[in-house]
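Treat the numbers as computed from the prediction; the structure is a model and nothing was measured. Lettering follows sequence order; numbering is per chain, from 1.
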There are 2 protein chains.
Amino acid sequence: MMNPTRGIKSRRTRPAKDPLSREIIVQTAYELLKKQGIQGISMRRVAKELDTGPSSLYVYVKNFQELCAFVLDYGLGQLVLPTSAEGSWKERLFDALDAYLMLLFEQPGLAELSLTTIPMGTNSLRLIEFILSALYEGGVSSKAAAWGADLFLFYVSSTAFEHVSWKQDGNDHMSVIKQSFQMVNPVHYPLIASLKEELFSGDTEAKERFRWGLEVILQGILKTRH
Amino acid sequence: MMNPTRGIKSRRTRPAKDPLSREIIVQTAYELLKKQGIQGISMRRVAKELDTGPSSLYVYVKNFQELCAFVLDYGLGQLVLPTSAEGSWKERLFDALDAYLMLLFEQPGLAELSLTTIPMGTNSLRLIEFILSALYEGGVSSKAAAWGADLFLFYVSSTAFEHVSWKQDGNDHMSVIKQSFQMVNPVHYPLIASLKEELFSGDTEAKERFRWGLEVILQGILKTRH
DNA sequence: ACCTGAACACCGTTCAAGT
DNA sequence: ACCTGAACACCGTTCAAGT
């Protein structure tokens, strides 16, 4: 029997570097996300940016999904929440959600992440706690507050994602969809045909539409006693 | 000067087959999605299933994103909408959204698609038209109906996606998140700590929670005059 | 017009080997 | 414990060549 390791030489071309850390990995990934959008974030790109191989990251991060969860939470660190002194609970709630939406607008990669990733870390906990406390102050029952917070967060994510995919694609996929709504057969789909403008309300109405949705969800929560 | 094509032999090993069609491509992709979930759908897998190369698909589909849009719409073809004879407009609206949710539950790959893809085709138009007509019957203004339909559809998608990612991952990513909520520091996040059960309401409450959300959105729409 | 093979430029993840 | 190189099994997309 031959020793299978016989004759194998070291493949190393350089000595091992200083240890990485989860923080520097997440930071680097966030920087890439900021610069290049959702395309810029991958295990291999982060590794290359840190001048190492992708396998090195797996010591600090279980997989790509977990990296995304940390990156999203890291991005949420930018969020400035209103202090409890300013305005009514409703104003504070809406201001916080507005700030969250603005953050997702500024970093379009974050909007996409927020839709499919549950963030992991203290920054998302901070945001959730803030929403719960506002609703609690508004006299919302505990179950409705928990479920309502989820609903609000999802509404923000979906609004941001819609907005982002509407403009990043530019002149391609989205304009095809817009066209197919414009050309819809009024005999088969009379309401869609007559409401096509409203269904595809553009950039100018975006703020008004978002505000309307917040109001709808809040009024619904207040009205729907559990 | 040498002719650059000189010496290049045909690389063909078999004659060209019958033409494909968009329909058969979308059908095949949907079948793969059904059998293997979101992982099963890719240009290369669909091509292999059709015994051809991935480049062949680009005659009928602009890119992967467009394929997904067609597949989602194709899946929506399974949806059975209530006839206008049965029940009140509200019952019909909720029944339709319930049926949509059930469809997304049965085909978990579809739930993921529905969150990030705008469907393209007649089946999604059918669903939107149905929701609009129910809201119209309920006396909702046209703008609120358009925006509300969007809100309802997104709510269904997000509910299905949450449910799917909760169980498909099985014992991995989701249980880590669940644990981090269980262990949250009650000093820093008192409301999260006290509401951790409600924030993570399990399978048993899923139906109740979904119903609550529908009620919230509808009541909100009816209350929030534009 | 549409099919075919090959290439280009990527992915996430694993693992033996080395320090 | 953690870094390293290489491999494995994939991606979407493009393009010259062929029918």
Side-chain angles (χ1 to χ4, degrees), chain A residues 2-25 28-29 32-33 36-71 113 116-117 169 172-173, chain B residues 2-25 28-29 32-33 36-71 113 116-117 169 172-173:
Chain A
M2 277 172 50
N3 182 344
T5 66
R6 198 160 60 88
I8 292 187
K9 299 269 166 52
S10 171
R11 289 169 295 191
R12 289 286 181 94
T13 60
R14 56 176 174 180
K17 288 201 303 296
D18 286 344
L20 296 164
S21 71
R22 181 192 279 170
E23 224 210 324
I24 206 172
I25 289 171
T28 307
L32 284 172
L33 189 76
Q36 310 178 28
I38 197 87
Q39 311 271 30
I41 186 177
S42 79
M43 297 297 270
R44 291 181 111 100
R45 279 176 135 93
V46 173
K48 185 175 266 179
E49 196 76 13
L50 291 167
D51 193 34
T52 183
S55 51
S56 303
L57 309 183
Y58 285 84
V59 179
Y60 303 96
V61 136
K62 226 180 48 202
N63 50 37
F64 181 60
Q65 195 180 181
E66 193 181 273
L67 175 62
C68 289
F70 286 132
V71 169
L113 267 192
T116 51
T117 307
D169 254 314
D172 232 46
H173 185 65
Chain B
M2 277 171 54
N3 183 342
T5 65
R6 199 159 60 87
I8 293 186
K9 298 270 167 50
S10 172
R11 289 167 296 191
R12 289 287 181 92
T13 60
R14 56 176 175 181
K17 287 201 304 296
D18 285 343
L20 296 164
S21 71
R22 181 192 279 170
E23 224 210 324
I24 206 170
I25 289 171
T28 308
L32 284 171
L33 188 77
Q36 311 177 28
I38 197 89
Q39 312 271 32
I41 186 178
S42 79
M43 297 296 273
R44 290 181 112 100
R45 279 175 136 93
V46 173
K48 185 176 267 177
E49 196 76 13
L50 290 167
D51 194 33
T52 182
S55 51
S56 304
L57 308 183
Y58 285 85
V59 179
Y60 303 97
V61 136
K62 225 181 49 206
N63 50 37
F64 182 60
Q65 197 181 178
E66 194 181 272
L67 175 62
C68 289
F70 286 132
V71 169
L113 267 193
T116 51
T117 307
D169 254 315
D172 231 48
H173 184 64

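Here the P atom of nucleotide D:dC11 and the CG atom of B:L32 are 10 Å apart, to the nearest Å. B:L67 has its CG atom 13 Å from the P atom of D:dC11, to the nearest Å. Rounded to a whole Å, the CZ atom of A:F64 is 15 Å from the P atom of C:dC10. We find that CG of B:L50 is positioned 13 Å from C1' of C:dC3, with the value rounded to whole Å. Distance CZ (B:R22) to P (C:dC2): 12 Å, rounded to an integer number of Å. Nucleotide C:dT4 holds its P atom 11 Å from the CG atom of B:L57, rounded to whole Å. In this structure, B:E66 places its CD atom 14 Å from C1' of D:dT13, rounding to the nearest Å. Computed from coordinates, the B:K62 NZ to D:dT14 P distance equals 11 Å when rounded to whole Å.
The OG1 atom of A:T28 sits 10.5 Å away from the CD1 atom of A:I41 when rounded to the nearest 0.5 Å.
Nucleotides C:dA9 and D:dC10 have their P atoms positioned 22 Å apart, rounded to a whole Å.
Between A:L20 and A:V59 the shortest side-chain heavy-atom distance does not fall below 4.5 Å. Side-chain contact check for B:L113 versus B:L33: some heavy-atom pair is nearer than 4.5 Å.
Smallest separation of non-hydrogen atoms from B:T117 and B:C68: CG2-C, 3.8 Å.
Under the side-chain contact (heavy atoms from CB on, under 4.5 Å) criterion, A:S55 pairs with no residue, sequence neighbours left out. With sequence neighbours excluded, the residues satisfying side-chain hydrogen bond (donor to acceptor under 3.5 Å, both in side chains) with A:S56 are A:T52. Looking at residues two or more places apart in sequence or on another chain, you find a side-chain contact (heavy atoms from CB on, under 4.5 Å) between B:L32 and B:Q36, B:R45, B:V46, B:E49. Applying the side-chain contact (heavy atoms from CB on, under 4.5 Å) criterion to A:R22, with sequence neighbours excluded, gives A:V26, A:Y60, A:E66, A:F70.
For A:Y60, the side-chain atoms get nearest to D:dC2 when compared with the rest of C:dA6, D:dC2, C:dC3. Looking at the side chain of A:P19, the nearest of the listed nucleotides C:dT4, D:dT4, D:dC2 is D:dC2.
The stretch residues 38-47 of chain B touches DNA chain D through B:S42, B:M43, B:R44, B:R45, each having a heavy atom within less than 4.0 Å of the strand.
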Writing each nucleotide of DNA chain C 5' to 3' as (, ), [, ], | or . by Watson-Crick or G-U pairing under 3.5 Å yields ||.|||||...|||||.||

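Remark: A:S55 is not in phosphate contact with C:dT13, judged by side-chain N or O atoms under 4.0 Å from OP1 or OP2.
Remark: A:K48 NZ is loosely packed, at most 12 non-hydrogen atoms of other residues, nucleotides or ligands lying under 6.0 Å away.
Between B:P54 and B:L20, the residue anchored closer to the 5' end of DNA chain C is B:L20, taking for each the nucleotide with the nearest heavy atom.
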